[in-house]
Structures are given as C-alpha cells and as structure tokens.
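Below is one structure, written out as structure tokens, with a few remarks after it.
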Amino acid sequence: MALLAENEMSDAGFDYLSSLNSPQRLAVETTEGPVLILAGAGTGKTRVLTTRLAHILMTGLAYPGEVLAVTFTNKAAQEMKGRVAHLLGRSADGMWLGTFHSLCVRILRRYAEAVGLQSNFTILDTDDQLRLLKQILKAENIDEKQHSPKMIASVINRWKDRGLTHNQVKRGEHDLAANIYQLYQERLSILNAADFGDLLLHCLTLFKNQPEVLKSYQSQFKYMLVDEYQDTNVAQYLWLRLLAQGSHNLCCVGDDDQSIYGWRGAEVGNILKFEKDFPGATVIRLEQNYRSTSHILGAASGLIAHNAGRLGKTLWTDEKGEGEPLLIRGTWDSGDEARFIGDEIESLQRQGESLGEMAILVRAGFQTREFEERFLKLGIPYRVIGGLRFYERLEIRDALAYLRLLIQPDDGLAFERIINTPRRGIGESTIQALHVLAREQGISLPRAARYYAESETKGAARLALRKFFEDMDRWRSMLDTEPHVEIVKIVLDESGYTTMWQEDKSADAPGRLENLKELVLAIEEFQFLPGFLEHVSLVMDNNQQAKEDMVNLMTLHSAKGLEFNTVFLAGWEEGLFPHPKSMQDSGQAGLEEERRLGYVGISRAKKRSIITYCLQRRMHKGWQTAIPSRFIKEIPNKHMIHINPNGAEVNRLGGTSSRTPIADFRNFKDIYEKPVSFHTFEIGDRIFHQKFGYGEVIEIDGDKLNIEFDHSGNKKIIADFVNKA
DNA sequence: CTGGAGGATCTTTTT
DNA sequence: GATCCTCCAG
C-alpha cells in the first residue's frame, strides 16, 4: 500500500535514515513487535521518535489514523506533531497524538454513558477536587485537622494512579480514605465530572466492560509509541497493555535514570520490567551523546552510578571534546550565591554568550526569589518557567466558572465558586442551607438554589439568587444566536465581575484585568465554548515569551528535556537537595530519585555546568546553616573543581588537567597560594572563620564542627572552612 | 454577611 | 516572609 505518489516518494526518499547512527536507525526501522528504546540524556531521542513516526507513515505501513503516539505534556505533543509534519513534508493530521489524558478524553466523550457520565462531562482540576473533598468531609463530620483534604486527595489519587477503583481498594490501611473515595466518586457522577485520574480509570473500566469497544481500538491502532515511558504510572501501563494486545507493535522510549516523578505515582518498575511484560521485545540502547562535553558527561554518569537498580547505560561522546570541568562553588549565604551567579552571567554575556542559553536550575520554587531580586538589580532579563499556569490564576478560574455554569447548569463547583463573586450577599449560611436542600432532594446545588430562590418566601439572599438565575438564563438563551466571544464579554460585564476588579485598588488588579482580556482573545480561536473549556482544562499553556533572549529560571523537574550551553545548579546543600522530605517519605528510593534529579540537572548542560551551595540559607523564617550536598562528593574528582567560600580550592585535580577559568575569578587568584585547610581539630581549639570570626570548637562530627562563635553564636561548620586561630 | 486578626504551613508538577 | 485558611467580632 503506497500512501504517497511515486514522485513524492523518490523526492523524500529515505534520506532521513542516513543521518542516523546505527542504533538510532535500528530504533526507527524495527517497526514490528514490542520495542524498548533506552535513550540516555542527549542521545537524540526526539529525533528518533519523530523519524520513526514519519517512517511508518511514509513507507505506508499505516494511515495516520492507525497510529497512536503518547507524550506526557501537551508541549511535547505539539512539538512532535510539528516535527513529523516537517519530515513528511505535509501535515500528519489524523494521527492519535497527544497526552494520555487527552487521548482518554477523546475516547470517553464517545463512550461516556458506559461509565456513568454524559458526553459533555466536566474535567476537574486539582483545585476543584480539593474543594469537593472538603465538602464531603464537612458533610460527613470528619475533622479536617485529623484528616486533611490534601492527604485524602493524595491517597485517592495514588489509588487511581495504580488503576484501582473504589471497589478494588483493599480495606485496612486507609479505611477512612476508602470510604471518602466512594462518596467522592458518587459526587463526581452527580456533577457529571471526572478528575484527571478518572480519565484513565474510566477508560480502563470501559475497556473491561465493553470488550467490543476495546477490540475496535486494538485493531485500529497498528502502531503505538510512548515517550517518557519511565514516567508512566500503573493505570497508564494497563491502558497501553490492553491496547497493544491487538498489533503488539508497541514502542516505548525512556530513560530509567531520568525517572523523577515517583512522588506522583510514576512507576520506574514499568520500564525495568518491560522485557518481561512484552515477551520477545527488542531492546535498543541509545548511548552516543551529542549534547555535552565529556567532563559534563563524566560528572553526570559518576553521580548516577551511585544508584542501585538501574538498567545501566554507558553514555559516551566523541563530538564535543573534553570541555571544562564542572565548577563547584561554595558561597557564604544565599545572597552571595545569587551575586556569584549574577556576576558569572554578566561575564559570560560579555564573552558573547546569549542569555537564552543559560539556565539556573533549583530544587524548590522558593529559591528563584533571591535570583529574581538580584537580576532585577543587575538588569538581567530573565523568565521563570513553570509556576502558575495561565488557567490556574484566580480570575481566570472565576471567569471559567461562569462559562462552565452557562454550559453545564448542574455544575455545583462552578456555581459555588462564583455565586458570591462579586459579592451578592449570598454567604456561607445560605450556601450551607442550599447544600442541605440539595442533599435532601437528591439534586445538584444550582438546581437546589433555583428551587430555593423561586419559593415564595422573601429575603435578601433569595432575591439575589433570583437575579442571578435570571441573568444566567438570559445569557444562556444567547448561546444559540450570539457569537460566543460576545457572550463571554457580556457575562463578565453584566455579572459585575469586570467591575469588581476595576474597583479593586490592590496592585495586582490591573494585571488581572489584562489576563481576562487575554482569555477573551483565546476564546476567539474556538468555534464552540465547550471545546474551549476542554482546551483550557487540558491543554492551555502559558504562552511565554519563548523567543526573547532571557536567562531561564526553573526547577530541576521542569528542566527535563531541555538543554542549555550553561547550566547553574543552585542550592546543592543537605537539607534542600537531596530534599529531606523525599527521603523521609520514601527512604532509599527517595534518595535515588533525588540523585536522578541531580543527573537530569547536570546533563542539561552542553558546554558548562556550575554547581553552587551556600552555608547559610534563608528558609521559612530566619537563617539555616547548611553543609554541601552529599551529591557533590559523589561527582568524580577528575571532572570537577571545588572552590569553597573562602576561594580556596578543595579538591585536587590530578596531573595534567588544566582549566580555563569560566569567568574572571577576581577574588580567587590567590587560590594556590592560600594553604588549603585540612587541619584536624580537637574540642576546645580556638579557630577563625572568614565570616563569623573567632570561636571555639565544642563538638566534632566527622568533618563537621560545632563551633561556639564569640559573636555569632553556635554554628555547624565544615572543617575545611575554618582555620586554627 | 463581611472583614480583619491570628494561626498554620511552606518539594517537586502534569493532566 | 508570605500566603492561605479559619475563626470571631461587628
């Protein structure tokens, strides 16, 4: 079957194969049967994936509609679509390409009834989910302090990640949560809503209950492709396994060393046991790295080698040369750290590096603050990647709630969100009364409210409700006649929502009005309001100023998949990275996931990677003393230079290796003159510390000293940083 | 019903 | 230190 005309075929030819190395080529051409591609960082994974898709389509193995390709983010899906189209020389429309969630929605809209939903069901996000759980806890008279909605939500979500419906949950450990789970699902069904986990779970239920539906999808999808397989959870794994029973042509791509989402239910086990799950699987390793210098690669590999239970890969490169060793730079406090990185950035910029090729990666969101302040002071343009998404903003969520209610008159969560926003004099007690009424009558909250408003009795709240429903009905009646953009404008105006922000004198009010305008603009691109609502809850991204030349600031998690010439890895201290909570929750496995995070961080760098730590950090309140992260010691000495806050080099580079300074180390020219302190101390020794002055050693714990400073109190300090007085 | 005071909490994040 | 939530007085 030739899908392309003869001449097109010869034009495109198979040129796209010739630029691949041999494992890459194997990964593209092994189209039949289960395939696992272990793709290390920077080994051209995306290229292989897109080429494979294009290859399948171009050789006529399948029509686009017979190909299923799953990614983790919408961004990745978008990018893949573009690149495949580029390779094909035409659009690849018709392919089932998207995130697990969006593909599941596509299926569920068609078979909603089979899982007790209507086809126009609402997709709830985390916020709605929490709100709903709170309501249930309140109604069940459960003490929120003992059982926080957050905890229960996470227990339920983990169950859903593991593909467990409330009937399948084993009783015992979390009986309370299990009961709530059932109540929660009942409420969702009344609301005609599904949360993110449900999208997959309902699909599984559908496949189980309606084998003929499953069968039709099995025979439809001749080729299946999954990106970031190490991040799939059990539910997603089951979903894939069911669908793959038809063609068996399932190709999973991933890197066990980059699995960093265990805390939200991802199962590294999925990738580790692929060969067992899919007998006869071909395993292909992509190990040639095209991104980083060998020092960077060596440092990253050396770090990750401390993890047990890996599939094992040996990354190598002959492309980028040895490069510079990593610089590990200690600083006194988080302010110093920001100052140091700011200076380095300016220095690199003077050497002609563009800001967009630099990134600062941090473990936790709060760390970006100090950098932002510093960059504002220095006038360095920056962007923070991640953080609040557009549709997560308060005003956007409010506006969307109005629209949701317009389209789904029974959406109680949307109703509750906006019934008193702007203020209409409908407060907590009224809402509670409505809840009681809704329960008694077995109807939705908005329906109960309408019933309540239309009953004979007078009262301010009743009148306000009546007015609200009159407005709603009027707007709804316009849905068929007016363009939907107009309706949105009318709703926001006539509800008084816009006015509310116009009259708000707080500093962020103008920005919120801007966002509302942007929302209206976004809606214009959609033919139907329901379609837009789904787009917003599932897909909509921050349209960031991606093109501009700015320093990138983000967490290690959001850095996965990206690359930069220069990467600053800030805050490598015990107590922050590895994050104590991670180890507290998951012990050794948690520590290993943190280490993978470090691996991801280092391997983002093409040319240089700079790790910083500080000895004093502003945490929740006040200052906290810290010591360098254990991961620093795990990086092989030959791939790094470690300079402590004193400006003294701590490790010794072996033999011939020389190092070009990355920037000008103004303060460190005396590195080799200053004796590196490797003193041994005894309790009672008088010491001197660069920053805290004179003090006395009162406790020794390995290389850490507890020192009573004459003027700065008690501090734990690494022995390297103090001298005998 | 509203607004302000006081208290608890603060890892990572996509859908 | 900041933000979000709860509780209580008006």
Side-chain angles (χ1 to χ4, degrees), chain A residues 70-77 98-105 123-131 134 138 144-145 148-150 154 157 160-161 194-201 228 231-233 235-236 259-266 361-370 373 385-389 391-392 394 419-420 422-432 459-461 464 508 534-542 554-561 571 575-586 590 593-594 596-598 600-601 618-624:
Chain A
V70 196
T71 61
F72 255 82
T73 63
N74 291 295
K75 210 174 127 201
T99 61
F100 279 105
H101 294 87
S102 66
L103 294 169
C104 284
V105 169
I123 300 163
L124 297 191
D125 63 17
T126 325
D127 218 68
D128 294 322
Q129 188 186 29
L130 234 44
R131 199 176 282 254
K134 258 184 206 169
K138 202 172 264 175
E144 282 194 28
K145 288 202 178 79
S148 83
K150 261 191 178 163
S154 96
N157 287 337
K160 291 189 173 180
D161 288 340
D195 66 23
F196 288 126
D198 282 339
L199 298 179
L200 269 133
L201 211 46
E228 308 279 19
D231 288 334
T232 50
N233 60 36
Q236 291 161 338
S259 156
I260 54 175
Y261 285 112
W263 50 273
R264 63 174 203 215
L361 311 184
V362 296
R363 177 62 182 86
F366 77 90
Q367 290 175 260
T368 59
R369 259 193 76 137
E370 217 134 3
E373 279 169 21
I385 294 180
L388 254 202
R389 243 154 285 284
Y391 59 83
E392 282 171 349
L394 176 97
I419 187 58
N420 206 26
R423 297 256 131 83
R424 296 188 175 90
I426 300 164
E428 193 56 28
S429 53
T430 310
I431 304 282
Q432 280 318 311
D508 47 0
E534 179 172 319
H535 170 80
V536 150
S537 54
L538 226 50
V539 177
M540 196 151 151
D541 235 340
N542 260 351
M554 70 193 93
T555 62
L556 287 162
H557 282 92
S558 28
K560 194 166 74 154
L576 180 61
F577 183 56
H579 202 285
K581 188 126 185 184
S582 178
M583 296 181 288
Q584 198 181 303
D585 292 352
S586 330
E593 180 153 315
E594 293 287 304
R596 290 194 289 270
L597 211 41
V600 167
R618 244 200 167 88
M619 288 295 259
H620 322 295
K621 57 172 174 211
W623 293 86
Q624 219 170 44

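Throughout, protein chains are lettered first and strands after them, A, B, ... in sequence-line order, and every chain is numbered starting at 1. Source: prediction; values computed, not measured.
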For the base of B/dT15, is there a side-chain donor-acceptor partner from A/Thr126 under 3.5 Å away?
yes
Using a 4.0 Å heavy-atom cut-off, does A/Glu428 contact any base of the nucleic acid, only the sugar-phosphate backbone, or nothing at all?
sugar-phosphate
Is the shortest side-chain N/O distance from A/Arg423 to OP1 or OP2 of B/dG3 below 4.0 Å?
yes
Counting only side-chain heavy atoms from C-beta out, which of B/dT13, B/dT15, B/dT11 sits nearest to A/Thr73?
B/dT15
So what does A/Leu199 touch, heavy atoms closer than 4.0 Å: a base, only the sugar-phosphate, or nothing?
nothing
Looking for any heavy atom pair under 4.0 Å, which part of the strands does A/Gly365 touch: base, sugar-phosphate only, or nothing?
sugar-phosphate
Can you tell me if A/Arg424 uses its side chain to pair, donor with acceptor, with the backbone of A/Ala464 under 3.5 Å?
no
Using a 3.5 Å distance criterion without hydrogens, assess whether the side chain of A/Asp195 forms a donor-acceptor pair with backbone atoms of A/Asp125.
no
Is it true that a side-chain atom of A/Asp231 and a backbone atom of A/Ala266 form a donor plus acceptor pair closer than 3.5 Å?
no
Determine, step by step, whether A/Trp263 and A/His557 satisfy the side-chain contact (heavy atoms from CB on, under 4.5 Å) criterion, reporting the C-alpha distance in whole Å, the side-chain angles of both residues, the deciding distance to 0.1 Å, and the verdict.
CA-CA 12 Å; A/Trp263 50 273; A/His557 282 92; 3.3 Å; yes
Just checking A/Asn420: base, sugar-phosphate only, or nothing, at a heavy-atom cut-off of under 4.0 Å?
sugar-phosphate
Less than 4.0 angstrom from a charged side-chain N to a carboxylate O is my criterion; do A/Lys160 and A/Asp198 meet it?
yes
Measure up the A/Phe72 and A/Phe100 rings against each other and bin them: parallel (under 30°), tilted (30 to 60°), perpendicular (over 60°).
perpendicular
OP1 or OP2 of B/dC1 versus the side-chain N and O atoms of A/Ser429: is any pair under 4.0 Å?
yes
Under 4.0 Å from OP1 or OP2 of B/dT13: is there any side-chain N or O of A/Thr555 that close?
yes
Spacing of A/Met583 atom CE relative to B/dT12 atom C1', expressed in whole Å
14 Å
Rounded to whole Å, how long is the line connecting atom CG of A/Asn157 with atom C1' of B/dT15?
11 Å
Tell me: CG of A/Asn233 to C1' of B/dT13, nearest whole Å?
14 Å
What is the distance from CZ of A/Arg369 to C1' of C/dA2, rounded to the nearest Å?
8 Å
May I have the distance from A/Glu370 (atom CD) to C/dA2 (atom C1'), rounded to whole angstrom?
15 Å
Toward the 5' end of DNA chain B, by each residue's nearest nucleotide, A/His557 or A/Arg424
A/Arg424
Quick one: label A/Asp585 by what it contacts on the DNA or RNA (base, sugar-phosphate, nothing), any heavy atom closer than 4.0 Å.
base
Which nucleotide in B/dC1, B/dT15, B/dT13 has an atom nearest any side-chain atom of A/Thr430:
B/dC1
Of the candidate nucleotides C/dA2, B/dT15, B/dT13, which contains the atom at the shortest distance from the side chain of A/Trp263?
B/dT13
Roughly, in whole Å, what's the span from CZ in A/Arg363 to P in B/dT13?
8 Å
What is the separation between atom CG on A/Leu130 and atom P on C/dC5, rounded to the nearest whole Å?
9 Å
A/Asp231 has an atom CG; how far is it from atom P of B/dT15, in whole Å?
12 Å
